Amino acid sequence: MAGREENKKSANRVLRISQLDALELNKALEQLVWSQFTQCFHGFKPGLLARYEPEVKACLCLFLWRFTIYSKNATVGQSVLNIQYKNDFSSNARYQPPSKNQKLWYAVCTIGSRWLEERCYDLFRSRHLASFGKVKQCMNFVVGLLKLGELINFLIFLQKGKFATLTERLLGIHSVFCKPQNMREVGFDYMNRELLWHGFAEFLIFLLPLINIQKLKAKLSSWCIPITGTAISDSVLASSGKECALCGEWPTMPHTIGCEHVFCYYCVKSSFLFDMYFTCPKCGIEVHSVQPLKSGIEMSEVNAL
């Protein structure tokens with residue numbers, strides 16, 4: 001019996017990753033609502049909302065709070081993940097939603113504290129009096145303590161899996177499933193295939209920049225096309241000098257590298273500077289020297305066209 005109850009509790013326990021995902025979804029929703037709201041004032045005077053930005057953000061967050069936590073006992077992110085808040089102070093074993101006071105204090109701790117921090121920052125930035133300096137130091141000290149408390153609470157959450165934020169711990173509300181969850185059976189064969197594929201993809205992403213595709217293509221071409229050691233005549237150069245072997249266009253300032261193919265000067269020079277072992281992409285001959293094509297051959301090609 002004890003083992004069954006333990007399995008049931010573990011099945012209905014909300015995963016840590018689900019609670020963190022709900023918080024991230026809430027942040028994304030707030031940013032989306034704010035961006036859509038600012039788009040409504042796109043055609044107005046620039047900086048129209050800058051003066052009252054903390055108040056406007058607080059009103060939008062209150063609007064979201066009214067139709068999420070206050071009415072449905074869950075944020076938008078929690079609703080997507082089938083999660084809702086439960087009153088942890090209740091001794092009843094059945095589900096008890098957060099009380100009205102808990103919901104109001106939730107709005108004060110989340111929306112009110114954020115508005116106070118932003119508004120005080122703007123206030124202290126515009127005033128340089130000594131009294132304001134002392135108040136600013138006190139506020140920074142209080143904010144630092146709150147940040148430290150949030151860090152400690154997060155470490156406890158990672159260990160216990162309950163109360164993802166400091167506000168939830170102080171108010172006594174935690175996340176539970178809206179409906180009982182069944183034990184999930186994980187297909188490890190599928191997970192192993194995904195892990196292997198992702199590992200292989202990351203290896204290819206690391207390896208591909210190290211491969212010289214152009215040189216590899218030239219090697220394959222040299223294997224398919226036998227290279228003869230006979231001297232290259234002017235007629236052969238003239239017949240193959242109608243297009244650059246790299247860009248495929250009419251060669252500008254035609255040059256040769258010792259084979260029967262012709263290149264634009266900028267194409268072959270930039271390739272040679274990029275790779276000192278550059279080879280001809282057509283026949284695979286390595287560059288020994290970049291020589292300009294004879295003017296007589298070039299003029300004969302022009303006349304032929």
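Quick caveat: nothing in here was measured; it's all calculated off a predicted structure.
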Side-chain donor/acceptor of [X] to backbone N/O of [Y], under 3.5 Å:
X	Y	answer
W34	L29	no
E30	L60	no
S18	V14	no
Q102	S99	yes
S270	C267	yes
N73	P97	no
E168	A164	yes
R16	Q159	yes

**Study point:** is_close_aromatic(H255, Y265), centroid dist under 6.0 Å
**Key:**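 Yes, the ring centres sit under 6.0 Å apart.
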
Point to revise | Ring centres under 6.0 angstrom apart (F44, F41) | key: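 Yes.
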
Might you point out which heavy atoms bring [X] and [Y] nearest each other, and give the distance in Å?
X	Y	result
G77	N26	N-OD1, 2.9 Å
F154	L20	CE1-CD2, 3.9 Å
Q96	S90	CG-OG, 3.1 Å
A245	F263	CB-CE2, 3.4 Å
I111	A58	CG2-O, 3.8 Å
C109	T167	CB-CG2, 3.7 Å

Nearest-0.5 Å distance that lies between atom [atom1] in [X] and atom [atom2] in [Y]:
X	Y	atom1	atom2	value
I69	L104	CD1	CG	11.0 Å
R169	D88	CZ	CG	9.5 Å
L81	I17	CG	CD1	10.0 Å

When clusters are formed by joining ILVMFWY residues with side-chain heavy atoms under 4.5 Å apart, either directly or through shared neighbours, do [X] and [Y] land in the same one?
X	Y	result
L62	Y85	yes
L171	V108	yes
L49	V33	yes
L15	F163	no
F37	L64	yes

Check your understanding: Between L204 and F200, is a side-chain contact (heavy atoms from CB on, under 4.5 Å) present by the stated rule, with each step listed?
Key -> CA-CA 6 Å; L204 288 180; F200 181 69; 3.4 Å; yes

Check your understanding: Can you check side-chain hydrogen bond (donor to acceptor under 3.5 Å, both in side chains) on S175 and Q84, steps first, answer last?
Key -> CA-CA 6 Å; S175 300; Q84 61 184 355; over 6 Å; no

Practice item. Decide side-chain contact (heavy atoms from CB on, under 4.5 Å) for I173 and Y106; before the verdict, give the C-alpha distance in whole Å, the side-chain angles of both, and the deciding distance to 0.1 Å. Key: CA-CA 10 Å; I173 55 178; Y106 183 91; 3.9 Å; yes

Review point. With the threshold set at 4.0 Å, does a side-chain nitrogen-carboxylate oxygen contact exist between E53 and K57?
Key: yes

Point to revise | cation_pi(K86, Y95) dist<6.0 Å, angle<=45 | key: no

